[in-house]
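What follows is a short report on a single structure.
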Amino acid sequence: MALRGWSHFAPDLLVTVSGDLTELADIARFRSVCTTWRDAGVDAAAAPPSQPPWLVLPSSPSPLFFNPSEDRLYRNIRLSVPAADAHRRRRRRRLSASPHGWILAVDPTDLAASLLHPFTGSVRPLPPLPAFFAETDDLAWDLSPHSLMASCGEVVLVCALDPLADSWAPVPAMPDCNVSSINYAGGDFFVFEEDACRTTIVDSITLAVTAVIPPPPQVDLPTEARVVVAGEELFLLVKSKWMYVFSDDVDFSKAFCVNHRSTSPAWQELTSIGERALFVDPLHGFAVGTAGFTNLESNTVYSVTTKEASRSSSVKYSVSAFNLQSRTSKKLACRLNELDTAQRGGAAASWIIPSVNEG
């Protein structure tokens, strides 16, 4: 009986096999074999299982993607550029990810901006950022289905996405603030000012301020703070400035939770988030259910640390897991710890949730 090629497997068998794949990377590998396998995996690609977060590492000359659940680095994920900007292909764009699956790419030479989707290859051109964005490496941003909000610290701007606006416009309700991070969730932007530990909630359509959440009264202004949005819950993670003097092995000294939809929000000290994990970076914070993910620990905060390596032109990344109940941290054992990465501009490592859904 003559040998048959990979493309001649029974279609029903291929559909069954593709339906059992749980990793987005495995679905992509399956569909890359040939046209027959690609067609058989169309349902798996359209509605893949929930994926654990990946890290986007802004290395040079091209970014790296790290999948902690596989303990694998991806070096060959090509990020497209808008057709009108093809001449920028060799330039070093500054990249920062959103957990919603998109990466914001900014050219530091003229502040040309675009949204890139690394898992579908889609590109969405944006208007150039205003000139004052070139004065700092700070860039907080996130996007809703309707618009993208960005800030370089003192001014909050918005750009409509559908239809695409010609330029960026200031948010009238926030004329003066010191923004450190922006998160989008449930129809609202959550604008966080780290120096004041204050969160301002802005309606993503009307751009009206719907609430301002002040810091917990028992918190001194911290050296470092992160916010996480999860449904009606807003989490605040703080690290006291004294911990940098007496301890370097604890990620956060206190954690708090508040119902941001409440008419009288009151912070409560937090020791448990149940079967969930929080992922934080300098730009965003979000929650992921741990059920079904064997490598994710519940009641844990995952963050990424960047340290300069022996050479000033390279950095080392590591992932830290902080248990909210025991208040202890541990460094994840993974191949990321062995990697020296060339620096790429002022961008920081950021979490992204792999998805083929661009919504």
Side-chain angles (χ1 to χ4, degrees), residues 49-55 68-69 99-100 142 180-181 183-186 188 190 192 194 197-199 201 211 213-244 246-305 318-334 350-353:
S50 299
Q51 302 296 307
W54 289 18
L55 267 177
S69 66
H100 302 298
D142 209 351
S180 55
S181 70
N183 288 277
Y184 171 78
D188 294 312
F190 294 77
F192 181 61
E194 186 178 32
C197 263
R198 180 174 56 232
T199 303
I201 305 176
I213 311 295
Q218 61 269 51
V219 171
D220 296 327
L221 293 184
T223 299
E224 184 177 348
R226 299 285 186 266
V227 290
V228 177
V229 186
E232 296 183 346
E233 295 173 299
L234 182 69
F235 300 110
L236 176 66
L237 309 169
V238 298
K239 184 170 183 176
S240 167
K241 62 183 179 181
W242 299 110
M243 297 189 68
Y244 287 92
F246 298 108
S247 175
D248 192 37
D249 59 353
V250 177
D251 293 334
F252 302 101
S253 54
K254 292 184 178 180
F256 301 89
C257 178
V258 68
N259 183 339
H260 62 81
R261 301 289 187 191
S262 171
T263 55
S264 302
W267 290 100
Q268 302 291 327
E269 196 151 0
L270 183 69
T271 58
S272 176
I273 54 172
E275 298 297 311
R276 293 180 293 178
L278 305 183
F279 288 80
V280 296
D281 59 46
L283 299 177
H284 302 101
F286 58 96
V288 172
T290 55
F293 297 131
T294 56
N295 294 332
L296 286 187
E297 297 183 15
S298 299
N299 205 32
T300 298
V301 182
Y302 290 91
S303 58
V304 58
T305 301
S318 61
V319 177
S320 175
F322 173 71
N323 185 277
L324 284 167
Q325 183 172 9
S326 65
R327 291 293 196 270
T328 57
S329 300
K330 65 179 180 181
K331 183 178 178 181
L332 294 192
C334 60
S350 46
W351 294 104
I352 190 171
I353 298 179

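None of the values given here were measured: they were computed from a predicted structure. Note that these values count all heavy atoms, side chains included, but never hydrogens, waters or copies made by symmetry.
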With sequence neighbours excluded, tell me which residues meet side chain to side chain donor-acceptor pair (under 3.5 Å) with [X].
| X | value |
| --- | --- |
| Ser180 | none |
| Asn299 | none |
| Asn295 | none |
| Thr290 | Ser298 |

Distance-only donor-acceptor pairs under 3.5 Å for side chains of residues 228-235, two or more places apart:
unit_1, atom_1, unit_2, atom_2, d
Glu233, OE1, Arg276, NH1, 2.8
Glu233, OE1, Arg276, NH2, 3.1

Go through the structure and list residues passing side chain to side chain contact (heavy atoms under 4.5 Å, CB included) with Thr263, not counting sequence neighbours.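 Expected list: none.
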Can you name the ring pair (Phe, Tyr, Trp, His ring centres under 6.0 Å) partners of [X], sequence neighbours left out?
| X | value |
| --- | --- |
| Phe279 | Phe286, Tyr302, Trp351 |
| Phe190 | His260 |
| Phe256 | none |

Scan the side chains in residues 265-272 for donor-acceptor partners under 3.5 Å anywhere in the protein, sequence neighbours excluded, and list what turns up.
unit_1, atom_1, unit_2, atom_2, d
Trp267, NE1, Pro214, O, 2.7
Ser272, OG, Gly274, N, 3.2

Within a strict 4.5 Å, meaning less than it, do heavy atoms of the Pro216 and Leu236 side chains meet?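 Side chain of Pro216 against side chain of Leu236, heavy atoms only: contact under 4.5 Å found.
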Residue pairs passing the salt bridge (Lys or Arg N to Asp or Glu O under 4.0 Å) test where at least one lies in residues 258-267, sequence neighbours excluded: Asp188-Arg261
To the nearest 0.5 Å, what is the distance between CD (Glu224) and OG (Ser303)?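 If I round to the nearest 0.5 Å, the distance is 8.0 Å.
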